[in-house]
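Heads up, the thing below is written out as structure tokens.
Counting starts at 1 for both ligands and their atoms, following the listed order.
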Amino acid sequence: MAKTSEQSSGTIYVLNGPNLNLLGTREPDTYGHATLADVEKLCVEAAAEFGLKADCRQSNREGELVDFIHEAHAEKAVGIIINAGAYSHTSIALHDALKAVKVPAVEVHISNIHARESFRHHSFTAMAAFATLSGFGIEGYRLAISGLAAKIGAKANAKAKV
Ligand code: CA2
């Protein structure tokens, strides 16, 4: 059967790292009031506008995030959106996993990491991503999905309200 513009033509893995399960519960001045569930809903809706699915995962463990990246490759995901939290600034393992799988990746940070402490200014995961977004709040995830869709040639469907 022919695929309609409303049907899914691929899956994006949306990976959130340590402590992002706490979103909406503290530090609202830095991270806002939205919860991780709100972020994941936003991602599912944003992906659907391009006929894509969002498979959202969160882990506080570096190795599990590496496993998710491998899984994205094994499952032939069309892209990865990753906010590796503090592991962005420390994890060569996540950098290497992203480089190894060659799935196009966008790094997102809710806060502007360059306007914060100097230890947040470098990101290993950014070096393995084709683009980064930092400081747009949770809207950064929607922008990242839109940018990824453009990169892979996924078109917004007719009903999209972008
Ligand atoms: O701005 C971002 O998205 C960060 O990735 C968030 C990380 C931080 O280590 C990065 O430098 C920038 C921290 C995530 C912790 O999230 C919390 C959310 C609410 C309350 C406490 C922590």
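Any N or O atom pair closer than 3.5 Å counts here, and Ser111 shares at least one such pair with ligand 1. Checked against a 3.5 angstrom limit, the closest N/O atoms of Val108 and ligand 1 fall outside it. Checking only distances, His109 does come within under 3.5 Å of ligand 1, N or O to N or O.
Heavy atoms of Asn83 found under 4.0 angstrom from ligand 1 belong exclusively to the side chain.
Scanning the protein heavy atoms around atom 17 (C) of ligand 1, the nearest turns out to be Asn19 O, 3.6 Å. Distance from atom 2 (C) of ligand 1 to its nearest protein heavy atom, with residue and atom name: Ile110 N, 3.3 Å. Closest to atom 13 (C) of ligand 1, if we only count protein heavy atoms, is Tyr31 OH, 3.3 Å.
The salt bridge (charged side-chain N to carboxylate O under 4.0 Å, His left out) search around Glu27 returns none, not counting sequence neighbours.
Side-chain contact, Asn60 with Glu62: no donor N or O sits under 3.5 Å from an acceptor N or O. A side-chain donor-acceptor contact under 3.5 Å links Asn16 and Tyr141.
For ligand 1, the atoms sitting less than 4.0 Å from at least one non-hydrogen atom of Arg26 are 19 (C), 20 (C), 21 (C), numbered in the order shown with element in parentheses. Each of the atoms 10 (C), 11 (O) of ligand 1 lies under 4.0 Å from some heavy atom of His89. Those atoms of ligand 1 with a heavy atom of Ala86 less than 4.0 angstrom away are 9 (O).
Other members of the cluster containing Ile113 do not exist, because no ILVMFWY side chain is joined to it at under 4.5 Å.
Between His114 and His121, the two ring planes are tilted [angle within 30° to 60°].
Geometrically, Lys155 does not engage Phe50 in a cation-pi contact defined by less than 6.0 Å to the ring centre and at most 45° from the axis.
For atom 9 (O) of ligand 1, the nearest non-hydrogen atom from the set Arg120, Glu117, His121 belongs to Arg120.
Inter-residue side-chain proximity for Leu65 and Tyr87 is flagged as met; some heavy-atom pair is nearer than 4.5 Å.
For His89, the NE2 atom is densely surrounded, since the number of other residues' heavy atoms within 6.0 Å is greater than 12.
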